[in-house]
Amino acid sequence: MSDFFAQGGYAFFVWGAYGMTALLLVIEVLQLRARQRTIRARLGRLMRIRDAGANDQ
Amino acid sequence: MALNWFKFASPASFYPIAGRLVPAFWIITLVLLGLGLYWGFFETADRLGGSNAQKEYYRIIFIHVPAAWMSMWLYVVMVGWAAIGLVFNTRLSFMMANAVAPTGAIFTFLALWTGAFWGRPSWGTYWDWDPRLTSELVLFFLYIGYIALHSAIDDVRRADRAAALLAIVGLIMVPVIFWSINCPDPNQCAALHQRSDLTQIDGNILFAMLAMTFGFWTYSFATSFMRLRGIILQRESENAWVRDLLDTGDKA
Amino acid sequence: MLEVVQLECRRGDRLLFSALDVEVGGGTLLHVRGRNGSGKTTLLRALCGLFTPERGEIRWRGTPIAELGDEYHRDLLYFGHLNGIKGDLTGVENLRVTTTLDGERLDEQVLWAALARIGLQGFEDLPTRMLSQGQKKRVALARLVLSRAPLWVLDEPFTALDTAAVALLETLIAEHVAGGGIVVLTTHQDVPLTSGQVARLDLGS
Amino acid sequence: MLEVVQLECRRGDRLLFSALDVEVGGGTLLHVRGRNGSGKTTLLRALCGLFTPERGEIRWRGTPIAELGDEYHRDLLYFGHLNGIKGDLTGVENLRVTTTLDGERLDEQVLWAALARIGLQGFEDLPTRMLSQGQKKRVALARLVLSRAPLWVLDEPFTALDTAAVALLETLIAEHVAGGGIVVLTTHQDVPLTSGQVARLDLGS
Amino acid sequence: MLRLFWCILSRDLTLALRRGTDVLTSLFFFVIVVSLFPLGVGTEREVLQTLGPGVVWVAALLASMLALERLFAADHVDGTLEQMLLTDQPRALLVLAKITAHWLLTGLPLVLIAPLVGMQYHLAGAAVGVMMLTLLIGTPVLSLLGAIGAALTLGLRGGGILLALLILPLYIPVLVYGAGAIDVAATVSVADTRPYFELLGAFLLVTLVFAPVAAAAALKISLE
Amino acid sequence: MLRLFWCILSRDLTLALRRGTDVLTSLFFFVIVVSLFPLGVGTEREVLQTLGPGVVWVAALLASMLALERLFAADHVDGTLEQMLLTDQPRALLVLAKITAHWLLTGLPLVLIAPLVGMQYHLAGAAVGVMMLTLLIGTPVLSLLGAIGAALTLGLRGGGILLALLILPLYIPVLVYGAGAIDVAATVSVADTRPYFELLGAFLLVTLVFAPVAAAAALKISLE
Ligand code: HEM
Ligand SMILES: Nc1ncnc2c1ncn2[C@@H]1O[C@H](COP(=O)(O)OP(=O)(O)OP(=O)(O)O)[C@@H](O)[C@H]1O
Ligand SMILES: Nc1ncnc2c1ncn2[C@@H]1O[C@H](COP(=O)(O)OP(=O)(O)OP(=O)(O)O)[C@@H](O)[C@H]1O
Ligand SMILES: [Mg+2]
Ligand SMILES: [Mg+2]
């Protein structure tokens with residue numbers, strides 16, 4: 001197992017490359033999900049405001 | 001036929017379609033990446049010994065090469081959508097181009113990063129001004145230019161068109177730029193040799209590489225569709241169908 | 001001559017107006033009115049082809065302006081919030097450039113006469129950056145004196161002008177309308193626009 | 001409180017006015033009038049210390065403003081041709097910055113109330129670049145609602161405003177004058193300025 | 001048509017000449033950048049000789065790019081550009097007139113000052129001649145390509161630096177062959193520079209045909 | 001007083017962050033300029049190593065200078081600057097707040113990206129460390145000095161390039177000692193760089209005290 005992680009002494013390079021790849025991809029996905037959520041929240045708020053405005057008149 | 005296309009080309013009808021496709025793409029992505037990684041790490045170990053020995057860092061190839069391929073392919077895709085948008089004035093194609101760009105930039109960066117992490121153990125340097133590396137760097141700048149221009153413009157319609165025009169000009173220039181980098185001295189260009197040849201690569205390695213490439217590809221589909229859905233919602237928020245969507249509490 | 005058919009304009013995600021139908025014949029002044037932010041400027045820019053509407057069409061002499069292209073521009077004079085004059089050029093030089101762009105070929109004399117008519121005698125060969133707010137506007141308006149375009153689109157042309165200049169501009173507009181031209185304008189000021197046929201268009205609720 | 005003594009202003013090599021004497025006490029509105037280019041803007045900028053006159057002096061509460069420096073600025077509110085708002089900030093954010101510059105420390109609530117009073121309900125948290133010409137002007141004018149400076153200098157504050165906004169601004173000015181403040185303004189529009197004591201100053205021949 | 005071209009060209013030249021310094025600033029920028037390098041890098045003769053061609057061309061790129069911002073921006077702010085787009089004359093021609101004026105003011109001076117720079121970097125006479133020629137053919141390409149970027153970034157905050165981001169990568173071919181030709185002339189022979197000039201000439205022709213059209217389209221988009 | 005400083009600082013940062021890319025453009029400009037040189041000069045390892053320090057600092061100078069245009073220009077055009085000058089708070093403080101925001105957005109990123117550039121030019125680890133430190137001390141000096149130039153050229157046509165003309169000569173000391181320190185660290189020893197840092201530090205202190213005052217005075221003049 002530790003052999004596997006050592007990657008024949010090139011652990012830094014192999015895991016550095018794979019690590020950055022994993023990191024960026026995961027960040028991208030998380031960021032996308034967060035964005036979807038904020039957009040929905042904002043739209044919901046806008047619509048509630050509009051509905052409220054419509055009721056006032 | 002034509003009618004059908006127009007139907008799909010409207011954001012309203014594409015939104016739910018994309019919503020259904022995203023999970024499918026995620027599943028395929030996970031399968032392909034899992035397969036590629038397993039094959040790359042455990043089924044190609046025989047290459048480590050023997051006369052033509054590879055060191056362990058060759059394993060970077062399974063992300064380096066797919067990322068480099070995706071970076072170029074996604075640029076072409078992005079420009080394609082941008083051009084369609086400019087010519088036919090369809091909103092959805094601009095949104096597609098927008099949705100693809102960040103993913104493309106990420107893969108370009110990854111190609112550079114993984115290449116650097118490969119170059120250090122094999123060439124002894126993180127960076128060299130090799131034509132291939134330089135071109136990839138320029139590609140990265142082109143992506144960033146597109147994204148920067150788009151986000152610098154407030155009016156989305158202007159942003160769409162301006163960025164699309166830039167992408168097209170960029171695409172026309174890309175071969176010239178790459179060629180000039182590859183061949184800084186026109187007196188000796190004929191001698192430029194082919195660098196790599198897929199048929200010479202070991203079958204197992206090739207298999208893992210292809211699996212990873214397709215995995216990245218479906219990943220790009222998944223993320224750009226997710227991003228596309230966000231963009232659609234934002235831009236179409238005035239339309240009745242978005243309101244209905246939110247009212248019915250769609251979770252897709 | 002100018003027809004607006006089922007026009008819908010948006011700015012950002014705000015709907016300004018939709019299903020707008022207007023028809024303006026020759027010899028008419030169309031006064032576009034509305035609150036601040038009701039979309040007057042947007043409508044005027046759309047009429048000039050400077051803003052692409054979301055939906056609907058604008059036709060000039062029966063043909064959509066998108067198809068007419070440059071031909072339409074020959075018949076059009078647009079006067080927006082910005083004066084469109086260079087501060088480093090003198091009044092005459094500015095006027096020469098704009099008239100050349102309009103495709104006219106005019107004598108020096110004519111240019112000086114136009115500037116004199118608009119009340120800039122003695123200021124013709126000063127760089128326009130040395131002029132006051134209202135004088136700059138006058139330089140820009142000198143174009144109207146020389147224009148032969150049948151369609152004038154004027155966005156708040158009266159701001160910054162003193163009473164003498166306002167009266168002059170009114171005369172110019174009246175003459176143009178009397179000659180069978182069309183004027184589309186916006187203004188918040190109460191200006192007696194009694195020339196020829198006056199149509200009013202109210203935007204906003 | 002505000003005294004202008006033997007003032008002479010030039011722009012370039014043109015003499016705008018000389019030997020100008022004015023005295024404005026509290027509770028007075030001074031309406032500066034004149035043709036385009038007669039030097040109204042120049043006079044107003046000189047009053048604020050933004051333009052150094054050729055000769056003469058401007059005094060605030062008896063002291064020349066050149067000596068007063070920052071103290072004078074505390075008592076002064078200037079509103080020029082430019083709105084002085086950032087297009088990328090929302091109305092509230094703009095107002096917060098300007099009031100902080102004025103040295104005030106205000107609640108969020110107060111800012112929102114000021115914007116509501118000036119007729120921008122629903123537009124408070126939009127970037128101001130998305131507003132129309134007149135709406136931008138309103139954001140800038142919201143400052144007047146909150147200002148405690150006794151001296152207001154307003155250069156053509158009525159341009160681009162619709163009738164509702166003009167009426168509101170008139171009320172604000174009237175209140176300020178009624179409260180013992182001073183207002184110096186220019187305008188070419190016929191606006192009924194009936195508040196308190198109205199003085200008129202005519203520039204130009 | 002020619003009358004319009006001439007009207008716009010002379011207008012832009014007049015405007016620039018009215019502000020005397022305008023003509024010189026781009027030139028001085030070039031000279032300053034070129035002179036900064038020896039300060040940062042050291043002044044050995046051989047180092048400077050290898051550096052020379054590259055530095056000259058990078059400086060030319062930067063000078064041309066910096067001046068680009070002014071190409072349309074001033075006309076945009078005061079509304080004259082809008083008026084220009086509403087003319088019934090071909091817009092590409094109008095843009096070409098503006099680009100020509102721009103090149104005459106910012107590109108041509110670089111060509112003329114080149115011998116001085118050659119001296120600073122101890123370049124041989126032949127290399128200096130080649131340098132002038134590459135600049136003569138290359139700087140119009142920079143102006144033409146740059147016009148597209150200038151039109152796209154019109155009126156954007158931070159436009160100057162954004163423009164750099166968009167345009168500098170596109171300048172690479174001109175840089176590579178421009179600097180390459182000088183290098184070959186200095187180290188190999190002047191005869192060998194021919195393919196370089198053929199390439200630069202081809203770039204010039206192609207951009208001359210397409211860039212004004214693209215820039216005109218970009219202007220239309222930007223003024224929307 | 002501190003409240004004003006904070007208000008202006010956060011205002012400027014908000015404005016920049018609203019346009020996400022604003023923060024990045026100056027950074028990318030730096031990276032692009034640095035990457036252009038090897039294309040023009042050639043890619044031999046030794047040449048790049050001698051070039052490195054000079055190129056980095058020249059690029060930093062240019063990036064900082066280009067971004068300077070934005071320091072006051074936007075506020076000038078929309079009239080907010082005029083309003084700022086009419087406040088009763090100390091103007092130098094206000095200017096300092098704007099400069100601080102400007103440095104955070106355009107200077108600091110250069111410091112952080114420096115290791116990457118060091119790699120491109122094959123610089124040793126110690127030299128890269130020194131490079132980051134010189135940039136950390138030197139770039140604020142650039143912003144501070146530049147603010148004076150930006151204030152003086154405010155609203156002038158061709159301001160960008162005129163600014164370059166005024167400011168680049170003043171930047172020379174920073175360039176010489178900044179690039180010098182890296183060079184010494186790469187070729188001699190890190191210990192020998194101490195006098196360089198002392199000088200850079202002295203520059204920083206002096207400009208920190210005087211530049212905001214001078215820039216405030218220049219602003220007053222420019223707005224007349
Ligand atoms: C920072 C950028 C890059 C670095 C440092 C880098 C480095 C490397 C290294 C060290 C190898 C191992 C093969 C060998 O030793 O020759 C390699 C292989 C490869 N690289 Fe890159 N590379 C970079 C960018 C790219 C780009 C832009 C591409 C685009 C096509 C690419 C495609 C490939 C391919 C296809 C291989 C495998 C070819 C073979 O096995 O001979 N790389 N790269
Ligand atoms: N920057 C300048 N340089 C030289 N002269 C100027 C400058 N600005 C204005 N002038 C001159 O000063 C005179 C007065 O200008 P000012 O702007 O004060 O007029 P105004 O009364 O405000 O006019 P308006 O009603 O048109 O706004 C004008 O005749 C103009 O020619
Ligand atoms: N660039 C923009 N982006 C987004 N929305 C905008 C933009 N410009 C204007 N708007 C919005 O469009 C609406 C109409 O603006 P427009 O300028 O057409 O109004 P207007 O009728 O000319 O008003 P005014 O009388 O104040 O000049 C406004 O509510 C404004 O908020
Ligand atoms: Mg309007
Ligand atoms: Mg005035």
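Note that the structure is predicted; figures quoted are calculated from it, not measured. Naming convention: chains lettered A, B, ... in sequence-line order (proteins, then strands); numbering from 1 in each chain.
For a residue to count as touching a neighbouring chain, one of its non-hydrogen atoms must lie under 4.5 Å from one of that chain's; by this rule I172(E) touches chain F with the side chain only. Looking at L36(F), both its backbone and its side chain come within 4.5 Å of chain E, counting heavy atoms on both sides. Contact annotation for V55(F): both backbone and side-chain heavy atoms come within less than 4.5 Å of a heavy atom of chain E. Neither the backbone nor the side chain of I182(F) comes within contact range of chain E; no heavy atom of the residue lies under 4.5 Å from a heavy atom of that chain. Within the 4.5 angstrom heavy-atom criterion, only backbone atoms of A63(F) (N, CA, C, O) approach chain E. If you measure heavy-atom distances from L39(F) to chain E, the contacts under 4.5 Å come from both the backbone and the side chain.
Under the 4.5 Å side-chain criterion, counting only non-hydrogen atoms from C-beta, R194(E) is in contact with E198(E). Q120(F) places none of its side-chain heavy atoms less than 4.5 Å from the side chain of P38(F).
With respect to chain F, the highest number of heavy-atom pairs below 4.5 Å among F37(E), Y171(E), F28(E) belongs to F37(E). Between chain F and the options G54(E), A164(E), G52(E), heavy-atom pairs under 4.5 Å are most frequent for G54(E). With chain E as the partner, the residue from I32(F), T50(F), V176(F) showing the most heavy-atom pairs under 4.5 Å is I32(F).
Other residues, nucleotides and ligands contribute at most 12 non-hydrogen atoms within 6.0 Å of the OH atom of Y177(F). Other residues, nucleotides and ligands contribute more than 12 heavy atoms inside 6.0 Å of the CZ atom of F197(F).
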Stepwise side-chain contact (heavy atoms from CB on, under 4.5 Å) check, L200(E) with V141(E): CA-CA 9 Å; L200(E) 285 174; V141(E) 181; over 6 Å; no
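Of the charged side-chain nitrogens involved, none lies within less than 4.0 Å of a carboxylate oxygen, so that R70(E) and D75(E) do not count as a salt-bridged pair.
A donor-acceptor distance shorter than 3.5 angstrom exists from the side chain of S222(E) to the backbone of A151(E), with no hydrogens or angles considered.
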